[in-house]
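Only one structure is covered here, and it is reproduced in the block below.
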Amino acid sequence: MVKVTLQKEAINTQAALAGAGTDADGAILAFIGRARNFSQGREVLRLEYEVYEPMAKKELEKIVGEAVARWKVTHCIVIHRYGTVGIGEPSILIAVSSPHRDAAFQAVRYIIDTVKKTVPIWKKEFFADGEVWVSERS
Amino acid sequence: MVKVTLQKEAINTQAALAGAGTDADGAILAFIGRARNFSQGREVLRLEYEVYEPMAKKELEKIVGEAVARWKVTHCIVIHRYGTVGIGEPSILIAVSSPHRDAAFQAVRYIIDTVKKTVPIWKKEFFADGEVWVSERS
Amino acid sequence: MTITLKAFAAAAEACGFRDREFDVPEGDTVGDLVDLLAASYPGLLPMRTDLLIAVNEEYSETGRRLADGDVVAVFPPVSGG
Amino acid sequence: MTITLKAFAAAAEACGFRDREFDVPEGDTVGDLVDLLAASYPGLLPMRTDLLIAVNEEYSETGRRLADGDVVAVFPPVSGG
(Lines give C-alpha, C1' and ligand atoms only; values in the text may rest on other atoms or scores of the structure.)
Protein backbone atom coordinates (compact mmCIF):
# COMPACT_ATOMS: atom_id res chain seq x y z
CA MET A 1 0.00 0.00 0.00
CA VAL A 2 1.21 3.49 -0.83
CA LYS A 3 -0.64 6.21 1.03
CA VAL A 4 -0.20 9.81 2.13
CA THR A 5 -2.37 11.38 4.82
CA LEU A 6 -2.56 14.85 6.33
CA GLN A 7 -4.63 14.84 9.48
CA LYS A 8 -5.44 16.86 12.55
CA GLU A 9 -5.99 13.78 14.70
CA ALA A 10 -3.27 12.00 16.66
CA ILE A 11 -1.27 9.43 14.67
CA ASN A 12 -2.04 5.81 15.46
CA THR A 13 1.39 4.23 15.06
CA GLN A 14 0.18 0.73 15.70
CA ALA A 15 -2.51 0.88 13.02
CA ALA A 16 -0.07 2.36 10.51
CA LEU A 17 2.47 -0.40 11.14
CA ALA A 18 -0.09 -3.18 11.14
CA GLY A 19 -0.53 -2.89 7.39
CA ALA A 20 3.19 -2.82 6.58
CA GLY A 21 5.01 -5.67 4.92
CA THR A 22 4.05 -8.42 2.52
CA ASP A 23 5.42 -11.96 2.89
CA ALA A 24 8.13 -11.01 0.40
CA ASP A 25 9.38 -8.18 2.60
CA GLY A 26 12.36 -8.81 4.83
CA ALA A 27 12.46 -5.30 6.29
CA ILE A 28 10.13 -2.73 7.77
CA LEU A 29 11.48 0.65 8.80
CA ALA A 30 9.37 3.18 10.64
CA PHE A 31 10.37 6.75 11.45
CA ILE A 32 8.43 8.81 13.94
CA GLY A 33 9.11 12.53 14.30
CA ARG A 34 7.93 13.96 17.61
CA ALA A 35 7.44 17.30 19.27
CA ARG A 36 10.43 17.94 21.58
CA ASN A 37 10.20 19.72 24.91
CA PHE A 38 13.27 21.93 24.44
CA SER A 39 14.39 24.12 21.59
CA GLN A 40 17.42 26.41 21.72
CA GLY A 41 17.51 26.11 25.49
CA ARG A 42 13.89 27.06 26.05
CA GLU A 43 11.06 24.85 27.19
CA VAL A 44 8.52 24.22 24.47
CA LEU A 45 4.92 23.85 25.66
CA ARG A 46 3.39 22.71 22.39
CA LEU A 47 3.74 22.97 18.63
CA GLU A 48 1.38 24.15 15.98
CA TYR A 49 1.70 23.08 12.38
CA GLU A 50 0.20 25.12 9.59
CA VAL A 51 -0.32 23.40 6.27
CA TYR A 52 -1.10 24.44 2.71
CA GLU A 53 -3.21 21.38 2.39
CA PRO A 54 -3.75 20.59 -1.29
CA MET A 55 -0.18 21.51 -2.22
CA ALA A 56 1.31 19.67 0.77
CA LYS A 57 -0.56 16.53 -0.22
CA LYS A 58 0.69 16.83 -3.82
CA GLU A 59 4.28 17.37 -2.71
CA LEU A 60 4.11 14.43 -0.31
CA GLU A 61 2.74 12.23 -3.06
CA LYS A 62 5.58 13.28 -5.36
CA ILE A 63 8.17 12.40 -2.72
CA VAL A 64 6.61 9.06 -1.96
CA GLY A 65 6.22 8.29 -5.68
CA GLU A 66 9.91 9.02 -6.22
CA ALA A 67 10.94 6.84 -3.26
CA VAL A 68 8.78 3.93 -4.41
CA ALA A 69 10.08 4.13 -7.98
CA ARG A 70 13.72 4.54 -7.00
CA TRP A 71 14.05 1.95 -4.24
CA LYS A 72 11.21 -0.39 -5.25
CA VAL A 73 9.77 -0.39 -1.77
CA THR A 74 6.59 -2.42 -1.48
CA HIS A 75 4.74 -0.40 1.08
CA CYS A 76 5.01 3.25 1.97
CA ILE A 77 2.80 5.18 4.36
CA VAL A 78 3.34 8.80 5.35
CA ILE A 79 1.10 10.52 7.88
CA HIS A 80 1.71 14.16 8.79
CA ARG A 81 -0.26 15.93 11.46
CA TYR A 82 -1.21 19.58 11.50
CA GLY A 83 -2.80 21.86 14.09
CA THR A 84 -1.73 21.53 17.71
CA VAL A 85 0.74 18.77 18.58
CA GLY A 86 1.56 18.19 22.24
CA ILE A 87 5.07 17.41 23.52
CA GLY A 88 6.01 13.77 22.92
CA GLU A 89 3.29 13.28 20.32
CA PRO A 90 4.23 12.13 16.82
CA SER A 91 4.02 14.85 14.17
CA ILE A 92 5.01 12.55 11.31
CA LEU A 93 5.13 8.83 10.73
CA ILE A 94 6.87 7.21 7.77
CA ALA A 95 6.59 3.43 7.41
CA VAL A 96 8.25 1.57 4.56
CA SER A 97 8.70 -2.10 3.83
CA SER A 98 10.87 -3.78 1.23
CA PRO A 99 12.44 -7.15 0.45
CA HIS A 100 15.91 -5.98 1.61
CA ARG A 101 16.78 -3.49 4.31
CA ASP A 102 18.97 -1.14 2.34
CA ALA A 103 16.05 0.04 0.21
CA ALA A 104 13.95 0.74 3.30
CA PHE A 105 16.72 2.80 4.95
CA GLN A 106 17.37 4.81 1.81
CA ALA A 107 13.68 5.45 1.16
CA VAL A 108 12.78 6.54 4.70
CA ARG A 109 15.78 8.82 4.93
CA TYR A 110 15.00 10.36 1.55
CA ILE A 111 11.37 10.92 2.48
CA ILE A 112 11.97 12.64 5.82
CA ASP A 113 14.83 14.79 4.48
CA THR A 114 12.78 15.87 1.46
CA VAL A 115 9.60 16.50 3.44
CA LYS A 116 11.57 18.98 5.52
CA LYS A 117 12.70 20.78 2.37
CA THR A 118 9.72 20.89 0.04
CA VAL A 119 6.39 20.15 1.70
CA PRO A 120 4.52 23.38 2.57
CA ILE A 121 4.05 22.82 6.28
CA TRP A 122 5.31 25.23 8.94
CA LYS A 123 5.99 24.62 12.60
CA LYS A 124 5.53 27.15 15.36
CA GLU A 125 6.93 26.58 18.84
CA PHE A 126 5.02 27.92 21.82
CA PHE A 127 6.93 28.92 24.95
CA ALA A 128 5.70 30.24 28.27
CA ASP A 129 6.64 33.76 27.13
CA GLY A 130 5.97 33.75 23.42
CA GLU A 131 5.94 31.84 20.16
CA VAL A 132 8.27 31.51 17.21
CA TRP A 133 8.11 30.11 13.69
CA VAL A 134 10.78 27.48 13.28
CA SER A 135 13.26 28.03 10.52
CA GLU A 136 14.97 24.88 9.25
CA ARG A 137 17.50 27.07 7.47
CA SER A 138 19.81 27.09 10.47
CA MET B 1 15.96 2.52 28.43
CA VAL B 2 18.68 0.35 26.94
CA LYS B 3 17.78 -3.30 26.71
CA VAL B 4 18.71 -6.43 24.80
CA THR B 5 16.48 -9.50 24.71
CA LEU B 6 16.81 -12.94 23.15
CA GLN B 7 13.51 -14.74 23.16
CA LYS B 8 11.66 -17.65 21.66
CA GLU B 9 8.29 -15.90 21.83
CA ALA B 10 6.88 -13.68 19.10
CA ILE B 11 8.04 -10.06 19.21
CA ASN B 12 5.45 -7.56 20.41
CA THR B 13 6.28 -4.55 18.29
CA GLN B 14 3.72 -2.33 19.89
CA ALA B 15 4.96 -2.96 23.42
CA ALA B 16 8.56 -2.39 22.35
CA LEU B 17 7.69 0.94 20.72
CA ALA B 18 5.47 2.07 23.58
CA GLY B 19 8.49 2.67 25.80
CA ALA B 20 10.53 4.55 23.20
CA GLY B 21 11.20 8.25 23.38
CA THR B 22 11.50 10.77 26.17
CA ASP B 23 10.08 14.27 25.83
CA ALA B 24 13.51 15.43 24.68
CA ASP B 25 13.50 13.00 21.73
CA GLY B 26 12.49 14.31 18.33
CA ALA B 27 12.99 11.01 16.53
CA ILE B 28 12.13 7.37 16.93
CA LEU B 29 13.36 4.86 14.38
CA ALA B 30 12.26 1.24 14.42
CA PHE B 31 13.64 -1.53 12.23
CA ILE B 32 11.87 -4.85 11.92
CA GLY B 33 13.55 -7.77 10.18
CA ARG B 34 11.11 -10.42 9.01
CA ALA B 35 11.14 -13.91 7.61
CA ARG B 36 10.67 -13.70 3.83
CA ASN B 37 8.73 -16.23 1.78
CA PHE B 38 11.26 -16.53 -1.05
CA SER B 39 14.99 -17.09 -1.07
CA GLN B 40 17.05 -17.65 -4.20
CA GLY B 41 13.89 -18.39 -6.16
CA ARG B 42 12.57 -21.02 -3.79
CA GLU B 43 9.58 -20.78 -1.51
CA VAL B 44 10.56 -20.67 2.15
CA LEU B 45 8.10 -22.34 4.53
CA ARG B 46 9.66 -21.20 7.78
CA LEU B 47 12.93 -20.24 9.41
CA GLU B 48 14.76 -21.60 12.38
CA TYR B 49 17.28 -19.57 14.30
CA GLU B 50 19.94 -21.22 16.41
CA VAL B 51 21.63 -19.07 19.04
CA TYR B 52 24.71 -19.34 21.26
CA GLU B 53 22.79 -17.65 23.97
CA PRO B 54 25.19 -16.20 26.53
CA MET B 55 27.66 -15.08 23.88
CA ALA B 56 24.93 -13.67 21.61
CA LYS B 57 23.60 -11.61 24.49
CA LYS B 58 27.11 -10.30 25.29
CA GLU B 59 27.77 -9.40 21.65
CA LEU B 60 24.40 -7.66 21.34
CA GLU B 61 25.10 -5.69 24.49
CA LYS B 62 28.48 -4.63 23.10
CA ILE B 63 26.89 -3.42 19.86
CA VAL B 64 24.15 -1.52 21.64
CA GLY B 65 26.65 -0.04 24.09
CA GLU B 66 28.77 1.21 21.21
CA ALA B 67 25.76 2.70 19.43
CA VAL B 68 24.55 4.47 22.57
CA ALA B 69 28.00 5.88 23.32
CA ARG B 70 28.73 6.94 19.77
CA TRP B 71 25.43 8.52 18.77
CA LYS B 72 24.12 9.46 22.24
CA VAL B 73 20.78 7.84 21.57
CA THR B 74 18.45 8.00 24.54
CA HIS B 75 16.65 4.73 24.16
CA CYS B 76 17.71 1.53 22.47
CA ILE B 77 15.86 -1.76 22.46
CA VAL B 78 16.94 -4.83 20.53
CA ILE B 79 14.87 -8.01 20.56
CA HIS B 80 16.06 -11.05 18.59
CA ARG B 81 14.01 -14.19 18.31
CA TYR B 82 15.31 -17.71 18.07
CA GLY B 83 13.70 -21.08 17.37
CA THR B 84 11.02 -21.30 14.70
CA VAL B 85 9.93 -18.07 13.00
CA GLY B 86 7.01 -18.19 10.58
CA ILE B 87 6.90 -16.27 7.29
CA GLY B 88 6.05 -12.61 7.85
CA GLU B 89 6.91 -12.75 11.53
CA PRO B 90 9.55 -10.38 12.92
CA SER B 91 12.88 -12.05 13.72
CA ILE B 92 14.48 -8.87 15.04
CA LEU B 93 13.27 -5.51 16.25
CA ILE B 94 15.53 -2.52 16.85
CA ALA B 95 13.98 0.64 18.29
CA VAL B 96 16.03 3.75 18.95
CA SER B 97 15.08 7.24 19.98
CA SER B 98 17.19 10.38 20.05
CA PRO B 99 16.83 14.17 20.11
CA HIS B 100 17.72 14.46 16.39
CA ARG B 101 17.00 12.04 13.59
CA ASP B 102 20.48 11.60 12.20
CA ALA B 103 21.68 9.83 15.34
CA ALA B 104 18.75 7.43 15.22
CA PHE B 105 19.37 6.52 11.56
CA GLN B 106 23.08 5.99 12.15
CA ALA B 107 22.56 3.92 15.28
CA VAL B 108 19.86 1.62 13.87
CA ARG B 109 21.84 1.02 10.69
CA TYR B 110 24.99 0.29 12.65
CA ILE B 111 23.18 -2.12 14.96
CA ILE B 112 21.49 -4.20 12.26
CA ASP B 113 24.62 -4.34 10.07
CA THR B 114 26.81 -5.35 13.00
CA VAL B 115 24.33 -7.89 14.38
CA LYS B 116 24.54 -9.65 11.03
CA LYS B 117 28.32 -9.79 11.26
CA THR B 118 29.17 -10.63 14.85
CA VAL B 119 26.27 -11.99 16.89
CA PRO B 120 26.38 -15.81 17.06
CA ILE B 121 22.95 -16.58 15.64
CA TRP B 122 22.38 -18.76 12.58
CA LYS B 123 19.40 -18.93 10.29
CA LYS B 124 18.16 -22.04 8.53
CA GLU B 125 15.61 -21.86 5.73
CA PHE B 126 13.13 -24.69 5.34
CA PHE B 127 11.77 -25.49 1.89
CA ALA B 128 9.24 -28.10 0.78
CA ASP B 129 12.15 -30.30 -0.33
CA GLY B 130 14.90 -29.58 2.15
CA GLU B 131 16.63 -27.11 4.40
CA VAL B 132 19.70 -24.96 4.16
CA TRP B 133 21.84 -22.87 6.51
CA VAL B 134 21.93 -19.32 5.28
CA SER B 135 25.32 -17.86 4.57
CA GLU B 136 25.49 -14.06 4.71
CA ARG B 137 28.88 -14.23 3.02
CA SER B 138 27.33 -14.03 -0.44
CA MET C 1 -6.60 40.33 -14.52
CA THR C 2 -7.37 38.87 -11.14
CA ILE C 3 -5.44 36.28 -9.18
CA THR C 4 -6.05 34.67 -5.82
CA LEU C 5 -3.23 35.32 -3.40
CA LYS C 6 -2.53 33.07 -0.45
CA ALA C 7 -0.05 33.66 2.35
CA PHE C 8 1.11 31.18 4.98
CA ALA C 9 2.86 31.09 8.33
CA ALA C 10 5.14 34.12 8.97
CA ALA C 11 4.23 35.50 5.54
CA ALA C 12 0.53 35.48 6.46
CA GLU C 13 1.30 37.30 9.71
CA ALA C 14 3.43 39.87 7.86
CA CYS C 15 0.75 40.51 5.23
CA GLY C 16 -2.20 40.39 7.58
CA PHE C 17 -4.20 38.14 5.28
CA ARG C 18 -4.25 34.47 4.31
CA ASP C 19 -6.39 34.66 1.23
CA ARG C 20 -7.40 37.56 -1.00
CA GLU C 21 -8.11 38.58 -4.56
CA PHE C 22 -5.49 40.73 -6.21
CA ASP C 23 -5.60 42.70 -9.46
CA VAL C 24 -2.40 42.54 -11.47
CA PRO C 25 -1.50 44.15 -14.81
CA GLU C 26 -1.67 41.90 -17.85
CA GLY C 27 1.77 40.38 -18.57
CA ASP C 28 3.10 40.60 -15.01
CA THR C 29 5.36 37.85 -13.76
CA VAL C 30 5.54 36.12 -10.39
CA GLY C 31 8.57 38.31 -9.61
CA ASP C 32 6.60 41.48 -10.36
CA LEU C 33 3.90 40.34 -7.98
CA VAL C 34 6.36 39.66 -5.17
CA ASP C 35 7.90 43.13 -5.68
CA LEU C 36 4.46 44.65 -5.45
CA LEU C 37 3.64 42.67 -2.32
CA ALA C 38 6.90 43.58 -0.60
CA ALA C 39 6.20 47.25 -1.34
CA SER C 40 2.64 46.98 0.01
CA TYR C 41 3.50 44.88 3.08
CA PRO C 42 6.80 46.03 4.58
CA GLY C 43 6.56 43.19 7.12
CA LEU C 44 7.59 40.88 4.26
CA LEU C 45 10.90 42.66 3.71
CA PRO C 46 12.99 40.75 6.30
CA MET C 47 11.97 37.44 4.70
CA ARG C 48 11.93 38.77 1.13
CA THR C 49 14.91 36.80 -0.18
CA ASP C 50 13.76 33.55 1.40
CA LEU C 51 10.15 33.66 0.25
CA LEU C 52 8.92 30.70 -1.76
CA ILE C 53 6.23 31.02 -4.39
CA ALA C 54 3.77 28.46 -5.70
CA VAL C 55 1.41 28.97 -8.62
CA ASN C 56 -1.57 26.64 -8.74
CA GLU C 57 0.01 24.45 -6.07
CA GLU C 58 3.35 23.97 -7.82
CA TYR C 59 6.60 25.72 -6.94
CA SER C 60 7.26 28.49 -9.43
CA GLU C 61 10.21 30.49 -10.72
CA THR C 62 9.92 34.28 -10.50
CA GLY C 63 10.04 34.59 -14.31
CA ARG C 64 6.73 32.80 -14.80
CA ARG C 65 4.01 34.95 -16.40
CA LEU C 66 0.78 35.12 -14.41
CA ALA C 67 -2.58 34.21 -15.93
CA ASP C 68 -6.05 35.31 -14.97
CA GLY C 69 -7.43 33.08 -12.22
CA ASP C 70 -4.03 31.83 -11.02
CA VAL C 71 -3.74 30.87 -7.37
CA VAL C 72 -0.45 32.27 -6.10
CA ALA C 73 0.89 31.29 -2.68
CA VAL C 74 3.75 33.02 -0.86
CA PHE C 75 5.39 31.47 2.15
CA PRO C 76 8.65 31.21 4.11
CA PRO C 77 10.93 28.13 3.93
CA VAL C 78 9.00 25.10 5.08
CA SER C 79 9.61 23.50 8.49
CA GLY C 80 7.43 20.40 8.67
CA GLY C 81 8.36 16.89 9.70
CA MET D 1 44.01 -30.57 30.36
CA THR D 2 40.29 -30.60 29.61
CA ILE D 3 38.22 -28.08 27.74
CA THR D 4 34.53 -27.92 26.92
CA LEU D 5 33.90 -27.84 23.19
CA LYS D 6 30.72 -26.42 21.70
CA ALA D 7 29.64 -26.54 18.07
CA PHE D 8 26.79 -24.62 16.43
CA ALA D 9 24.69 -24.67 13.29
CA ALA D 10 26.41 -26.33 10.29
CA ALA D 11 29.48 -26.99 12.44
CA ALA D 12 27.39 -28.93 14.95
CA GLU D 13 25.89 -31.01 12.14
CA ALA D 14 29.34 -31.68 10.69
CA CYS D 15 30.79 -32.74 14.06
CA GLY D 16 27.75 -34.65 15.25
CA PHE D 17 27.86 -33.03 18.68
CA ARG D 18 26.92 -29.70 20.23
CA ASP D 19 28.72 -30.01 23.52
CA ARG D 20 31.49 -32.31 24.71
CA GLU D 21 34.58 -32.53 26.88
CA PHE D 22 37.87 -32.67 25.03
CA ASP D 23 41.38 -33.50 26.27
CA VAL D 24 44.09 -31.34 24.78
CA PRO D 25 47.85 -31.35 25.34
CA GLU D 26 49.20 -28.67 27.66
CA GLY D 27 50.34 -25.62 25.67
CA ASP D 28 48.05 -26.17 22.69
CA THR D 29 46.59 -23.14 20.94
CA VAL D 30 43.13 -22.54 19.53
CA GLY D 31 44.60 -23.21 16.08
CA ASP D 32 45.98 -26.59 17.18
CA LEU D 33 42.53 -27.51 18.45
CA VAL D 34 40.85 -26.57 15.17
CA ASP D 35 43.43 -28.64 13.25
CA LEU D 36 42.69 -31.59 15.50
CA LEU D 37 38.95 -31.15 15.07
CA ALA D 38 39.17 -30.89 11.29
CA ALA D 39 41.20 -34.11 11.24
CA SER D 40 38.69 -35.89 13.49
CA TYR D 41 35.56 -34.56 11.78
CA PRO D 42 36.08 -34.42 8.00
CA GLY D 43 32.62 -32.81 7.63
CA LEU D 44 34.25 -29.61 8.93
CA LEU D 45 36.73 -29.43 6.04
CA PRO D 46 34.49 -27.57 3.54
CA MET D 47 33.88 -24.80 6.08
CA ARG D 48 37.37 -24.97 7.61
CA THR D 49 38.61 -21.58 6.43
CA ASP D 50 35.39 -19.79 7.42
CA LEU D 51 35.07 -21.25 10.93
CA LEU D 52 34.87 -18.76 13.78
CA ILE D 53 36.16 -19.55 17.24
CA ALA D 54 35.12 -18.17 20.60
CA VAL D 55 36.86 -18.87 23.89
CA ASN D 56 34.79 -18.26 27.00
CA GLU D 57 32.19 -16.42 24.92
CA GLU D 58 34.61 -14.00 23.28
CA TYR D 59 35.91 -14.22 19.71
CA SER D 60 39.44 -15.56 19.71
CA GLU D 61 42.48 -15.55 17.45
CA THR D 62 43.96 -18.94 16.54
CA GLY D 63 47.22 -18.09 18.34
CA ARG D 64 45.58 -17.99 21.77
CA ARG D 65 46.89 -20.60 24.21
CA LEU D 66 44.18 -22.79 25.74
CA ALA D 67 43.75 -23.15 29.49
CA ASP D 68 42.21 -25.95 31.51
CA GLY D 69 38.45 -25.45 31.80
CA ASP D 70 38.15 -23.14 28.77
CA VAL D 71 34.86 -23.21 26.89
CA VAL D 72 35.68 -23.21 23.19
CA ALA D 73 32.95 -22.73 20.59
CA VAL D 74 33.32 -23.36 16.85
CA PHE D 75 30.77 -22.12 14.37
CA PRO D 76 30.28 -20.92 10.79
CA PRO D 77 29.84 -17.24 9.89
CA VAL D 78 26.79 -15.89 11.66
CA SER D 79 23.53 -15.19 9.83
CA GLY D 80 21.15 -13.64 12.34
CA GLY D 81 19.03 -10.54 11.99
Side-chain angles (χ1 to χ4, degrees), chain A residues 11-18 20-39 41 43-47 74-75 85-102 104-113 115-116 123 125 134 136, chain B residues 11-18 20-39 41 43-47 74-75 85-102 104-113 115-116 123 125 134 136:
Chain A
I11 295 173
N12 184 334
T13 304
Q14 193 202 349
L17 279 178
T22 67
D23 283 355
D25 289 339
I28 300 176
L29 192 69
F31 173 82
I32 297 167
R34 307 159 84 236
R36 289 192 294 137
N37 63 348
F38 267 87
S39 176
E43 192 185 358
V44 180
L45 303 181
R46 68 175 196 281
L47 298 181
T74 315
H75 173 94
V85 177
I87 299 308
E89 293 179 16
S91 54
I92 186 169
L93 179 137
I94 302 169
V96 162
S97 71
S98 55
H100 297 283
R101 71 185 181 284
D102 195 57
F105 275 96
Q106 304 265 19
V108 172
R109 189 69 201 250
Y110 172 79
I111 292 169
I112 182 62
D113 287 354
V115 162
K116 284 175 175 275
K123 176 161 57 181
E125 291 171 340
V134 174
E136 298 286 342
Chain B
I11 295 173
N12 185 335
T13 303
Q14 193 202 349
L17 279 178
T22 67
D23 283 355
D25 288 339
I28 300 175
L29 193 67
F31 174 82
I32 297 168
R34 308 159 84 236
R36 290 192 293 135
N37 63 349
F38 267 87
S39 177
E43 192 183 359
V44 179
L45 304 181
R46 68 174 196 283
L47 298 182
T74 315
H75 173 95
V85 177
I87 299 307
E89 292 179 17
S91 53
I92 186 169
L93 178 136
I94 302 168
V96 162
S97 70
S98 56
H100 297 283
R101 71 184 182 284
D102 196 56
F105 275 96
Q106 305 265 17
V108 171
R109 189 67 201 250
Y110 172 77
I111 292 169
I112 182 63
D113 288 353
V115 162
K116 285 175 175 274
K123 177 162 56 183
E125 291 171 339
V134 174
E136 298 285 343

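A, B, ... follow the sequence lines: proteins, then strands. Residue 1 opens every chain.
Interface remark: of the candidates B:Ile112, B:Leu17, B:Val44, B:Leu93, B:Ile112 forms the most heavy-atom pairs closer than 4.5 Å to chain A. Chosen from B:Ala104, B:Pro99, B:Gly88, the residue pairing most often with chain A at heavy-atom distances under 4.5 Å is B:Pro99.
Side-chain atoms of B:Thr13 and A:Ile28, non-hydrogen and from C-beta on, never get closer than 4.5 Å to each other. Using a 4.5 Å cut-off on side-chain heavy atoms (C-beta onward), B:Asp113 and A:Arg101 make contact. Residues A:Arg109 and B:Asp102 are in side-chain contact: their nearest non-hydrogen atoms beyond the backbone lie under 4.5 Å apart.
In this structure, no portion of B:Ile92 lies under 4.5 Å from any heavy atom of chain A. With a 4.5 angstrom heavy-atom cutoff, A:Ala20 touches chain B only via backbone atoms. Within the 4.5 angstrom heavy-atom criterion, only backbone atoms of A:Ala35 (N, CA, C, O) approach chain B. Contacts of A:Val108 with chain B are made by both backbone and side-chain atoms, with heavy-atom separations under 4.5 Å. If you measure heavy-atom distances from A:Thr22 to chain B, the contacts under 4.5 Å come from the backbone alone. Proximity to chain B (any heavy atom under 4.5 Å) is shown, for A:Ile94, by neither the backbone nor the side chain.
Contact detail for A:Phe105 and B:Phe31: the closest heavy-atom pair is CE1-CD1, 3.8 Å.
Looking only at distances, a side-chain donor or acceptor of A:Arg34 sits under 3.5 Å from a matching main-chain atom of B:Asp25.
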